[in-house]
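Note sheet for the following structure.
Order of the sequence lines sets the chain letters (A, B, ...), proteins ahead of strands, with each chain counted from 1.
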Protein chains: 2
Amino acid sequence: MENMSLREKKKIETKNRIFEVSGKLFKEKGFENTTIDEITKEAGIAKGTFFNYFPTKESLVFYFAEQKADLIYDLTENETIDHLHTKEKIKKFLVALAESYEKDKDLTRSLFFEYGRYIKNPRNAPDKNRNPHSRLIKTILDLLEEGIEKREVKVSIDARIAAEVLNAVYFHTLVVWLKSDSELSFSRDISAKIDLLFGGIGDEYNVGYRS
Amino acid sequence: MENMSLREKKKIETKNRIFEVSGKLFKEKGFENTTIDEITKEAGIAKGTFFNYFPTKESLVFYFAEQKADLIYDLTENETIDHLHTKEKIKKFLVALAESYEKDKDLTRSLFFEYGRYIKNPRNAPDKNRNPHSRLIKTILDLLEEGIEKREVKVSIDARIAAEVLNAVYFHTLVVWLKSDSELSFSRDISAKIDLLFGGIGDEYNVGYRS
DNA sequence: TTTTAAATATGACCATGGTCATTGATGACC
DNA sequence: GGTCATCAATGACCATGGTCATATTTAAAA
């Protein structure tokens, strides 16, 4: 921070200012109702400058997501849940994550909107390792592998696939919940689904079928 | 069709023309690269007229999705798969659905984009019962309930939750596949995940944990 | 047939996200 | 401290999705 050129310092400062002003305006009026013009005016920069820092308006959303995620991911290292069964650990983690999103539904909606968008247009995609999606999968994967060691998870499963499935269910449940406007159901919903995933759908007593 | 007023006939004709021209242009240049101006010009109508028929450009995508889905859903009534195990039936159905989307990847990407969008803005949402998402869940649900009767699926599970989980996994796998640009992996991927879902993640031999 | 009311079509207009040639600030080098 | 190449800031400009007051067409009433 000290041995930085004036240019570098200014750059960081400008980016931060854009970020702060955006956050403030999004909270006040929502993501959709905030225009680039407003952001740049409030930040005291020209419109074009914004696009020197963020390729699109939507790409801003990722930065919020990342920031929020940072607060949550510590949970996995939290010792108070260390004694729990793998299933409960995963549940706790996903519910906590969802609850943090719950606080800013509008921005969260925009995140999923943008998630869809960057499928089509990788230009907006953030750094692969930083992106919330990859991090979530990785965290679940770690928990599962730990669970396999403890024999709380089937040794025979492919942990990577299982992580993707859990992630899919989490993601989808969140989408449904965002759509439904009912604030209450999410944790119950995700819990029931995780139970189902751990127990399986198929009837193991039905010997009439194999593989 | 005969006892229709001139007005009604024209309306239907115009809507169909918009639909056909859109499809043609989307195939030629992709959804994003086709403008409303082009569509209306090619269809011989004014720009405003378009919005008398479709509230947004994106809402068009749903009509394509519906149309495509109609071709696929007959599969569930297809007698050639009637003898299969519930798991295989579901697999076959989801793979077939995905393969039909595979043929028009650009439009499919736009569909998922729009899926995200209408979470935020219900204005674009199509009729609830017609929408591909609801239909998919309902179809899976039917298959599962049939499977419960045949004891190929655990009696104890909530079929509705299981259907949502399967749907989530399907949806998510499709998204990942759309993103990855690898044409080959989808059916393998979804098959592995369905296997996992039927078998379960938890280790049933680990008696040290219950519920 | 003429009048009237309602449905539909129209395109000028607007808002806003995004671009880019130009201008200005910075710092490496002499 | 002056020169110049590089990097960043700027805002006029553009493209495009979407709106709306007005004009036109149709159906019904008189």
In this structure, how many angstroms lie between the [atom2] atom of [N] and the [atom1] atom of [X], rounded?
{"X": "N33(B)", "N": "dG18(C)", "atom1": "CG", "atom2": "C1'", "result": "15 Å"}
{"X": "F50(A)", "N": "dC20(C)", "atom1": "CZ", "atom2": "C1'", "result": "17 Å"}
{"X": "I36(B)", "N": "dT10(C)", "atom1": "CD1", "atom2": "P", "result": "15 Å"}
{"X": "I45(A)", "N": "dT10(D)", "atom1": "CD1", "atom2": "P", "result": "7 Å"}
{"X": "K15(B)", "N": "dA9(C)", "atom1": "NZ", "atom2": "P", "result": "12 Å"}
{"X": "K11(A)", "N": "dA25(C)", "atom1": "NZ", "atom2": "C1'", "result": "14 Å"}
{"X": "D37(B)", "N": "dA15(D)", "atom1": "CG", "atom2": "C1'", "result": "9 Å"}
{"X": "K57(B)", "N": "dG17(C)", "atom1": "NZ", "atom2": "C1'", "result": "14 Å"}

Overall bend - the helix from dT1(C)-dA30(D) to dC30(C)-dG1(D), comparing terminal axes fitted on five pairs, nearest 10 degrees |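 The helix from dT1(C)-dA30(D) to dC30(C)-dG1(D) shows an end-to-end axis angle of 10°.
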
I need the [X] [atom1] to [Y] [atom2] distance, nearest 0.5 Å.
{"X": "I190(B)", "Y": "L174(B)", "atom1": "CD1", "atom2": "CG", "result": "8.5 Å"}
{"X": "L143(A)", "Y": "I90(A)", "atom1": "CG", "atom2": "CD1", "result": "5.5 Å"}
{"X": "K9(B)", "Y": "T14(B)", "atom1": "NZ", "atom2": "OG1", "result": "13.0 Å"}

Which listed nucleotide ([options]) is nearest to the side chain of [X]?
{"X": "T49(A)", "options": "dA9(D), dG18(C), dT10(C)", "answer": "dA9(D)"}
{"X": "K10(A)", "options": "dG11(D), dA25(C), dT16(D)", "answer": "dA25(C)"}
{"X": "F51(A)", "options": "dA9(C), dG18(D), dG17(C)", "answer": "dG17(C)"}

Phosphate contact (dA8(D) OP1 or OP2) by N52(A) side-chain N/O below 4.0 Å =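 For dA8(D), OP1/OP2 do not have a side-chain N/O of N52(A) under 4.0 Å.
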
Is there any protein nitrogen or oxygen under 3.5 Å from a nitrogen or oxygen in nucleotides 27-30 of chain D, and what are the pairs?
residue : atom : partner : partner atom : Å
dA27(D) : OP1  : L6(B)   : N            : 3.0
dA27(D) : OP1  : R7(B)   : N            : 3.4

May I ask you to decide whether [X] forms a salt bridge with [Y], counting only side-chain N to carboxylate O separations under 4.0 Å?
{"X": "R160(B)", "Y": "E164(B)", "value": "yes"}
{"X": "K41(A)", "Y": "E38(A)", "value": "no"}
{"X": "E8(B)", "Y": "K11(B)", "value": "no"}

Just checking T35(A): base, sugar-phosphate only, or nothing, at a heavy-atom cut-off of under 4.0 Å?
-> sugar-phosphate

With sugar-phosphate meaning primed atoms plus P, OP1 and OP2, does Y53(A) contact a base, only sugar-phosphate, or nothing at under 4.0 Å between heavy atoms?
-> sugar-phosphate

Using the ring of F198(A) (Phe, Tyr or Trp, six-membered ring only), decide whether K154(A) places NZ or CZ under 6.0 Å from its centre and within 45 degrees of its axis.
->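 Not flagged: K154(A) not positioned over aromatic ring of F198(A).
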
Cation-pi check, K57(B) onto F31(B) ring (under 6.0 Å, within 45° of axis) = yes

Return the 5'-most residue of the pair T34(A), G48(B) with respect to DNA chain C, ranking by each residue's nearest nucleotide.
-> G48(B)

Determine whether the side chains of T173(A) and K193(A) contain a donor N or O and an acceptor N or O closer than 3.5 Å.
->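 Yes, a side-chain donor-acceptor pair sits under 3.5 Å.
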
